[in-house]
Amino acid sequence: MRIDEGGRGLMGRVGFGVAVGCAVVSCAIAVILVGRRARRRRQWGRAVAVLREFEEGCSTSIGRLRQVVDAMAVEMHAGLASDGGSKLKMLLTFVDSLPDGQEMGIYYSLDLGATNFRVLQVELGGRNSMILRHKVESHPIPQYLMTGKIEDLFDFIAITLQNIIDKNGVAEHNPDLRRELGFTFSFPVRQISSSSGILIRWTKGISIENAIGKDVTQCLEEAMSRRGLNMRVAVLVNDTVGSLALGHYHDEDTVAAVVIGTGTNACYVELTEAIIKSQGLLTNSGGMVVNMEWGSFWSSHLPRTPYDIALDDESPNRNEQGFEKMISGMYLGEIVRRVLYRMAQESDIFGDAAHFMSAPFSLRTPLMASMHEDDSPDLKEVAKILRENLGMQDVPLRARRMVVRVCDIVARRAARLVAAGIVGILKKIGRDGSDGVATGRTKGEFRRSVIVVEGGLYASYELFREYLKEAVAEILGEEVARNVVLRTFEDGSGIGAALLAASHSSNR
Ligand code: ADP
Ligand code: MG
């Protein structure tokens, strides 16, 4: 009995024990699961907090954009008033007339970039802005020439030019005629005239010491004459001025040009009397193209985040090119990477793949754009790019959505700041519709203003273009915005430089 009882008692105790044990285990499992879920929620919450904070920091409310518009116009005034008066250099180009569509003949342009140079041959019809044909050839610059002597680099370019001309020479009617070249040289130059300028310093990886302080046009012309090439540099410009020229050739309401590629810059047509720092400047047209060097624009109204500050601190040109660092192709992918890396450190939403995002500039802007523009429901393209380009396997959908959000915030801020910059230029020249005289109203109509926008980033990034256009309309209001036209041309700056060679030709 006792035994039985005891037996039953034992069994009962064991049974009870097992039951309790099971309950404890399942409780424990439940606790672990709940704990995990809670931790995951916490982790996710931290990633969301990083996102929210970043988004707030990037705010481009209409009020803030208007402040940036005003700051741009004010800085333009200051840069025109005195050298060093503003971060905006507002450089004189000495280009005082733009192509009008009557140019005729064959002209050339040479665009010296940081890795390639491009040669264009353009045949102009002589009326109604007719470009009969144009040919482009792009050549890589051998690495050893980028750090050698200027004579060697320009001899190499002259030989290549000669070969291209020989190859295409059949199109020319008078081979004895001295050919005219538009030289697009997008490095800091102190312009002496529309066709000559002194190199201040190199950027973008080129360092040819013996060129600094020299007239780059003279160096190129000497190389061409050493090679027996009968060619003259008719005009020396940067790429924005070339784009403006092509815009004006097709449409005389063109007033400004903006390039958004690896870097960013803008130029526009200014009245000479407004260029206070060059008293007594006289031109036939009463105007001159001003190269703003707007990449270095700065204002306390720009929405700057800790990520922008860190990027700047670690850059080789700290405290310089502040606007460019929020806008251009060289930087957008890098800003995204910095935010994602922070999220990965704060949370585990990317699993243990965080270290893949630690290398600066490992996320290039074209990849960022592809992820941003991935419209597949399960973000296949984002997964592929993270896997193939950053080595991050199996990033969950939720985290991929987060990646797209960050890309969107960065691109939207950049595009809206460019829009504010453009409206700033319109305000400076009285075409933003903001006050009585400056409304640009003639006979009850607003004056049309055309702005050429070019560059690899703008041309290839559709969402960026949409945000930009939307913001221009938002700032100006529908009525004024209807008369502000953004145009883009393929090879615009190259063809434009050849057109400027034509309109500045000594054969004209
Ligand atoms: P550069 O400014 O060097 O003269 P481009 O105007 O051709 O050259 O612009 C090239 C830049 O455009 C690249 O550095 C890159 O940042 C950006 N870019 C190129 N392709 C894309 C793309 N698909 N999406 C977004 N940005 C791009
Ligand atoms: Mg370019």
Side-chain angles (χ1 to χ4, degrees), residues 109-120 136-141 146 182-189 202-206 236-247 257-267 291 293-295 311 315 321 323-337 360-375 381-382 384-385 389 403-404 406-415 418 452-468 488-498 500:
S109 77
L110 168 69
D111 182 343
L112 183 63
T115 48
N116 290 294
F117 70 93
R118 288 150 58 80
V119 176
L120 271 93
V136 192
E137 278 199 31
S138 189
H139 292 264
I141 303 170
M146 295 203 209
F183 188 13
T184 308
F185 187 80
S186 300
F187 299 94
V189 159
W202 290 103
T203 55
K204 304 180 258 189
I206 300 190
L236 173 72
V237 290
N238 78 25
D239 52 359
T240 57
V241 182
S243 300
L244 179 71
L246 181 60
V258 175
V259 172
I260 319 161
T262 308
T264 184
N265 192 13
C267 73
N291 165 19
E293 290 292 333
W294 90 349
L311 184 153
S315 71
Q321 302 299 101
F323 200 44
E324 179 166 275
K325 283 172 179 161
M326 292 183 158
I327 285 173
S328 77
M330 182 152 172
Y331 302 103
L332 296 193
E334 172 61 5
I335 302 169
V336 171
R337 182 202 66 84
F361 293 94
S362 52
L363 179 62
R364 316 299 303 185
T365 302
L367 294 177
M368 164 207 171
S370 303
M371 294 200 287
H372 188 191
E373 295 184 329
D374 181 358
D375 53 7
E381 183 65 18
V382 178
K384 181 162 168 267
I385 288 172
N389 297 89
V403 172
V404 176
V406 175
C407 295
D408 186 66
I409 294 168
V410 171
R412 185 168 182 271
R413 178 183 69 164
V418 173
V452 178
V453 190
E454 288 200 341
L457 182 100
Y458 183 79
S460 322
Y461 201 162
E462 193 183 339
L463 284 174
F464 186 95
R465 287 198 298 276
E466 282 172 14
Y467 278 140
L468 199 166
T488 193
F489 301 95
E490 203 178 328
D491 287 327
S493 65
I495 297 174
L500 283 166

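We count residues from 1, following the sequence as given. Order of appearance sets the numbers: ligands from 1, and atoms from 1 within every ligand. These numbers were taken from a predicted model, which means no experiment stands behind them.
- At a heavy-atom cutoff of 4.0 Å, ligand 1 is contacted by both the backbone and the side chain of P366.
- Interface atoms of ligand 1 facing G329, defined by a heavy-atom separation under 4.0 Å, are 16 (O).
- Against a heavy-atom cut-off of under 4.0 Å, G455 is close to the following atoms of ligand 1: 6 (O).
- With sequence neighbours excluded, no residue forms a side chain to side chain donor-acceptor pair (under 3.5 Å) with T488.
- Less than 4.0 angstrom separates some heavy atom of A369 from each of these atoms of ligand 1: 24 (N), 25 (C).
- Relative to atom 10 (C) of ligand 1, the option among L332, T262, N265, T365 with the closest non-hydrogen atom is T262.
- Checked against salt bridge (charged side-chain N to carboxylate O under 4.0 Å, His left out), E324 has no partners two or more places apart in sequence or in another chain.
- Using the six-membered ring where Trp is involved, F323 and W294 have ring planes that are perpendicular, over 60° apart on the 30 and 60° scheme.
- Atoms of ligand 1 lying under 4.0 Å from at least one heavy atom of G261, given by number and element, are 2 (O), 6 (O), 9 (O), 11 (C).
- A donor-acceptor contact under 3.5 angstrom links the side chains of N291 and N265, judged on distance only.
- Below 3.5 Å of separation, one finds no N or O of V259 facing any N or O of ligand 1.
- Note that CD1 of I260 is 6.5 Å distant from CG of L457, once rounded to the nearest 0.5 Å.
- At least one donor-acceptor pair under 3.5 Å links the side chain of E373 to the backbone N or O of L463.
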